[in-house]
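These notes are about the structure you will find just below.
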Amino acid sequence: MDKYDVIVIGAGHNGLTNGAYLAKSGLRVAVLERNPYIGGATVSRELHKGWFYSNCSYVCSLLRPEITRDLELPRHGLQVVPYGGGVTMMRNGDHFGNYHDHDRQYREMARFSKRDANAYERYAADVMKQTRLIRPFLLKRPPDPTSLKLRDLKDLAEFAGAFLDMGEEGLADTIRFWTKSVGDYLDEYFETDVIKAHMAGSGIIGTALGVYSPGTAYVLLHHYMGDVDGNVGEWGFARGGMGAVADALAKSFQSFGGEIICDADVDQITIKNGKTTGVALKNGNEIGAPIVVSNLDPKRTFLDVMDPADLPEEVIKKAEKFKIRGSSGKLNIALDGLPTFNNLPNDSPLRVGEMHFSDSLTRLERAYDDWKDGTWSKDPYVDMLIPTQVDPTMAPPGKHMMSVFVQYAPPKIEGEEWTDADKDGFEKSVLDQISAYSPDFKDLILHCETRTPREIEAEVGLTEGNIFQGELTFDQLLFNRPFPGYAQYRGPIKGMYMCGSGTHPGGGVMAAPGANAAREILADLKRPDIIPGGYADD
Amino acid sequence: MNENDVMMLKTPFHSRVEAACEINLWGNWMGYTTPDAYFDVELEYFAVRSTTGVFDLSPMNKYRISGPDAAHFLDRMMTRNMHKLAIDRVAYVVWCNDAGQLMDDGTVFRLAENEYRLCSYAKANDWLYWCSLGFDVTITDETAEVAALAVQGPTSCSTLTAMGLEGLEELKPFDIRNYRFDGEILSVSRTGFTGDLGYELWITPSKAEDLWDRLFEAGKQFLIKPFGSHALDIARIETGFVQAGVDFVMAQDLIRPGRSRSPLEMGLGWLVDFEKTHFNGRRALLKERETGSRYRFVILDVDGNKPADHSFILKGDKQVGNVTSAAWCPTAKSNVAFAQIEMPYGEFGEELTAEIYYERELHWTRVLAPCRVLDGPVFNPGRRRQTPAVAF
Ligand SMILES: Cc1cc2nc3c(=O)[nH]c(=O)nc-3n(C[C@H](O)[C@H](O)[C@H](O)COP(=O)(O)OP(=O)(O)OC[C@H]3O[C@@H](n4cnc5c(N)ncnc54)[C@H](O)[C@@H]3O)c2cc1C
């Protein structure tokens, strides 16, 4: 008999969530991780002594509160601290502050345009309508529209019901929203360029699309549908960096008897007589289990750790065509002190949130043009945060850690692999941009980790460095994620499943794909469903 | 300062508090103008849980009790054995009327041989006066004479140490230590109302502003922030602290019979020392111990994310209690409610139902949320007790 009932490939946060639920249900589960450390893109590492970086993901909102509570992540050490708002610094020396406090936000917007300040109410309500539609489906498997199974029909009816509830106009709005560009969407509400630019950032993060590309309005929604303590759309820091999420999940998993094996690089999922039998590692070892769950992105899953001979032709084709384009990079910087920014007092609450420098949609679109031209943005869009302003554990007292997410960086430079010189050029364009607004910034840098899509792919295993394990466009969402016919976490082979961000509801530190996949596996094993349902929004 | 001069009083820290109160949101605490919030309730709450939060405690009622009979007097008034309280120690206390019903809760600081300070939630001049008849004690209301700050959170010890309070990490919970501060005494106790590592600072009002300035300067690198009463309320519910006037009616305010509670009914039985000879309410409490209490105080873990404010608690269809305080707890990530449950219900682990009403866009919804009786607060970190205090 096999030592394990289930093997999960990859200790990303979804693999750990999946393992935790299966172990909680009483199964013997091992999570195998290629790296010497766990977490995947949800990780904190000490690359400069005394400084802990959130190397990949850096802010938390999508993580399902139902799972946090159910798996007792606070008891296992997770604390999520919200931050307030954000700011876009402008070329003319002014800035737009997006305050966390509603009245302050209104007054600040009114400084630019009273109409915009007022339109924001309508905008916020409209976006909230869309999040209300999607949130109840995060902790559910997507219904299969072609299936006649009772459960699918029921789920479909619920989905259709939620749509119909919105009325004809609401329905039209929704379809527009799901297909529109974020730029066009914002144009319907606001007149001030910097306000639009500030809001638009969420529509392009992690995607190889520009602010005027159709489909980016949905990406905006993807960044709005989370919450911190019930405040929808709000974001926070995990104390100790995002690795705290993976660490707490790992502890929860281990508390149910689960085993984590690091430095275990899976070469192949082994299959015999059309059934999954376990995995073979790169080092030649084989580990048997009747169920294997892949936390990897769909391309790696089907084109790398599976033998094409074991797969239906159609799956190989779909995996090859799956859109997973790298578009982002990241700088993690150890700072000797808190940098000053022009015209923004050091104690301004705006500095505790996201900081940006792209003050118009035109600049954002230009940044995308560079990506299309096969190079990094010379005037990039950055999402920059200094979590050590509320987290004392990530750097020594008085010192700071800065996380700079950078859009855009292509997977290849004009068709060629990234070189070290390219990486230096990418790094320079980001550092130069920041120092244009902060005179003392460069002098404070003690260490900088720069990650282009090349490093993200090599170190985290995300194909092309795509942060979401696949583009979040409508053709790859819901029952189309990762591809039609395989959206319910089951692979084409008996005993083989998927649980990564490449499945519904997609990328981000959400833990929903891992939990949803566990529900399907338990159903197939005829075990009770122990995955929590979503909290109702009204 | 003359209490009758103005309608609302200002604390000795007011100039600093006012400057720090970015959003200008003020409330009334014991007749003093105090901030409900300084900049953002949520973020202030998290200062307490992740870094250091500072709360102006000055309006707290403070009474100096001194004289040869001070210990006897307090021992007679409080349900705990006050003879056991050593110098430079603090005790959490409750006191009752003769019927064994809660008057209030508070803290007693033993400052010297025959010197105590009582901090109480409600004004206690009247009750202290009547209880003291026959004892050789002097009771002085020193509320306005002592300025106080609560400094709470994981980096609080580091902050205060950086301010020059050497050896502070050795202070055990409920210890007091005195330091020099500009020629005056700065008294520091390891106490607080947040359930975290934390301290309270006590000083003469003339030094209050200097203390605030030095504290915030030292705390800068440890990410210090002020916090207001709304944030404090979340922290105290998360850590299981009941509040007089909210979770029980103070017996002296009672109009309708039967609405007060005994310490046993409030889960505060551990504060009642039946071994000691006599104290107010002893006979009634002894009787209650024999014949049983009417109610049980419980902390409930409520399903879902809707706070069970003012909810009825049901066992099956039967109403067996009601909620007095409720909050979504942002660090523990759970939905907690304090409830008074009729005996014999509410034993640890028992499954009950909270009947919750909540409103969204003028539409009221009723949910019946399953809930479970917990055996303690949802937030109780090791650092709260650890000595020497850990550096976050
Ligand atoms: C730079 C960056 C910034 C981001 N920022 C945010 C953010 O701020 N907020 C947010 O919510 N989301 C963010 N995201 C997205 C989010 O981090 C990811 O969507 C999420 O972490 C993916 O989790 P996962 O468990 O699905 O997969 P992964 O984290 O990709 O985990 C897969 C795991 O499998 C392992 N693995 C790969 N191949 C093998 C093999 N052959 N054998 C064994 N193990 C293998 C990998 O090492 C990895 O540990 C960001 C992502 C990136 C890259």
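Labels below follow one simple rule: chain letters A, B, ... track the order of the sequence lines, proteins then strands, and each chain is numbered from 1.
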For atom [atom1] of [X], is the number of surrounding heavy atoms from other residues, nucleotides or ligands below 6.0 Å larger than 12?
X      : atom1 : result
B:E166 : CD    : no
B:Q386 : CD    : yes
B:F312 : CZ    : no

Quiz item: Quick one: which of A:D70, A:L73, A:D229 gives a side-chain contact (heavy atoms from CB on, under 4.5 Å) with B:K333?
Solution: A:D229
Self-check item: Residue among B:A391, B:P381, B:A162, B:G304 with most heavy-atom pairs under 4.5 Å to chain A
Solution: B:G304
Self-check item: Largest heavy-atom contact set with chain A, pairs under 4.5 Å, which of B:Q221, B:K225, B:E22
Solution: B:Q221
Which atoms of [X] approach chain B - backbone, side chain, both or neither, heavy atom under 4.5 Å:
X      : answer
A:V390 : backbone
A:Y99  : neither
A:Q79  : side chain

Test item: [X] and [Y] side chains (from C-beta on) under 4.5 Å apart, heavy atoms:
X      : Y      : value
A:E234 : B:E42  : yes
B:F39  : A:H100 : no
B:K220 : A:P397 : no
A:P82  : B:L43  : yes

For the [atom1] atom of [X] and the [atom2] atom of [Y], what is their distance to the nearest 0.5 Å?
X      : Y      : atom1 : atom2 : answer
B:S334 : A:R75  : OG    : CZ    : 12.0 Å
B:L223 : A:T388 : CG    : OG1   : 7.5 Å
A:D103 : B:N24  : CG    : CG    : 11.5 Å

Pairs of heavy atoms under 4.5 Å with chain B: top-ranked of [options]:
options                        : value
A:V228, A:L338, A:N231, A:V352 : A:N231
A:E66, A:E72, A:H400, A:Q389   : A:Q389
A:D101, A:L78, A:V80, A:D347   : A:V80

Quiz item: Given a strict heavy-atom distance threshold of 4.5 Å, which part of B:N335 is in contact with chain A: side chain, backbone, both, or neither?
Solution: both
Quiz item: Which region of B:T155, side chain (C-beta onward) or backbone (N, CA, C, O), has a non-hydrogen atom less than 4.5 Å from a non-hydrogen atom of chain A, or is it both or neither?
Solution: side chain
Which atom of [X] lies closest to which atom of [Y], heavy atoms considered:
X      : Y      : answer
B:A332 : A:P74  : O-CG, 3.3 Å
A:R239 : B:P154 : NH2-CG, 3.6 Å
A:P392 : B:F392 : O-CE1, 3.2 Å

Quiz item: Hey, is A:R104 close enough to B:D40 for a salt bridge, meaning N to O under 4.0 Å?
Solution: no
Exercise. Give the intermediate values and the outcome of salt bridge (Lys or Arg N to Asp or Glu O under 4.0 Å) for residues A:R69 and B:D301.
Key: CA-CA 11 Å; A:R69 190 175 178 190; B:D301 182 26; 2.8 Å; yes
